[in-house]
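Treat the numbers as computed from the prediction; the structure is a model and nothing was measured.
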Amino acid sequence: MKPRRAFALLASLAAAGALSAAPPDPARTRSQRIAGWLVEALAESDGGRLVRLSRRAAGARLQFEAAFWRGNDGRIQAVLVERSDCTNGEEIGRHDVLGAARLRALFAAALADCAVAPRRIEAALAGLEPAYALAAAWADEAAARTAAEARAIADYGREPQ
């Protein structure tokens with residue numbers, strides 16, 4: 001089939017709704033707001049997964065991310081605070097899963113380094129614990145799915161024993 005005809009056929013099928021995309025897998029891409037925080041689980045185009053917890057408060061953007069890719073040795077986690085001309089954050093060890101108290105302390109220190117007043121820091125971090133509980137649960141799911149995919153890839157083509 002000539003390229004123009006193929007394109008015309010695809011365009012007409014798409015217009016007719018015959019080439020609709022499959023609905024997204026809710027376990028791979030989802031989001032939920034909890035106490036002013038946005039929790040997202042995102043599917044990456046390269047097969048990885050990303051769990052993000054974010055909020056805008058105290059004139060700053062606060063963000064925690066946990067990233068998962070097959071072949072990585074554990075989750076890659078990072079904390080970031082951006083406020084006008086101040087950016088502060090750090091990567092967390094791959095085998096060190098944060099608890100809510102430590103995440104709160106990291107955010108508070110980063111906000112303080114960006115000259116946010118203590119009372120504004122407390123207000124900015126309100127609701128962190130329930131939001132982080134969901135992010136941590138989704139991160140555990142992402143870690144399990146990524147590990148299962150890595151095992152399936154490693155086992156591909158092996159003869160049953």
Side-chain angles (χ1 to χ4, degrees), residues 3 6-7 9-11 13-14 17-57 60-83 86-111 113-114 121 124-161:
F7 178 77
L9 176 61
L10 288 173
L13 287 172
L19 293 178
S20 62
D25 178 355
R28 290 188 51 85
T29 302
R30 57 191 168 174
S31 66
Q32 185 173 333
R33 286 207 174 272
I34 297 179
W37 292 85
L38 177 61
V39 182
E40 300 170 284
L42 308 166
E44 297 287 293
S45 62
D46 62 0
R49 292 177 173 81
L50 180 68
V51 176
R52 181 181 301 136
L53 172 68
S54 61
R55 175 181 208 169
R56 290 196 176 277
R61 182 173 70 91
L62 294 81
Q63 182 173 290
F64 164 78
E65 288 186 345
F68 306 86
W69 283 277
R70 297 178 298 266
N72 278 359
D73 184 25
R75 63 184 76 197
I76 299 171
Q77 303 170 100
V79 175
L80 177 68
V81 171
E82 294 178 315
R83 180 174 187 254
C86 178
T87 299
N88 197 338
E90 64 182 272
E91 184 175 315
I92 311 304
R94 292 180 184 211
H95 299 286
D96 184 14
V97 178
L98 289 178
R102 182 157 174 230
L103 180 59
R104 175 178 281 278
L106 289 169
F107 274 140
L111 286 164
D113 286 347
C114 288
I121 291 173
L125 297 179
L128 174 65
E129 287 73 10
Y132 181 68
L134 179 61
W138 286 359
D140 289 345
E141 288 176 18
R145 284 176 177 255
T146 303
E149 287 174 2
R151 282 190 303 276
I153 290 168
D155 292 343
Y156 181 77
R158 285 191 184 162
E159 293 293 323
Q161 296 182 12

- request: In plain terms, say whether R104 and E129 are close enough for a salt bridge, that is, a side-chain N and a carboxylate O under 4.0 Å apart.
  value: yes
message: If the threshold is 4.0 Å, N to carboxylate O, is there a salt bridge linking D113 and R83?
response: no
Closest approach of [X] to [Y] (non-hydrogen atoms, all atoms of both residues):
X: E44; Y: R49; answer: CG-N, 4.2 Å
X: A124; Y: W37; answer: O-CZ2, 3.6 Å
X: F107; Y: L80; answer: CE2-O, 3.9 Å
X: G127; Y: A35; answer: CA-CB, 3.6 Å
X: S31; Y: L38; answer: CB-CD1, 4.1 Å
X: V51; Y: A135; answer: CG1-O, 3.5 Å

- prompt: Would you call L62 and L128 a side-chain contact if the rule is heavy atoms closer than 4.5 Å?
  reply: no
message: I want to check something: taking the side chain as every heavy atom from C-beta on, are I92 and E90 in contact at a cut-off of under 4.5 Å?
response: yes
message: Can a donor-acceptor pair be found, under 3.5 Å and without considering hydrogens, that links the side chain of Y132 to the backbone of F64?
response: no
- prompt: If only atom types and distance count, is the side chain of R55 paired as donor or acceptor with the main-chain N or O of A126 below 3.5 Å?
  reply: yes
statement: Separation between CG (L42) and CZ (R52), nearest 0.5 Å, reads 5.5 Å
Value rounded to 0.5 Å, distance of CG in L50 from CH2 in W69: 6.5 Å
task: Check whether the side chains of Q32 and R30 place a donor and an acceptor atom closer than 3.5 Å, and report yes or no.
output: no
query: With respect to D96, which candidate in R102, Q77, R75 satisfies the side-chain hydrogen bond (donor to acceptor under 3.5 Å, both in side chains) definition?
result: R102
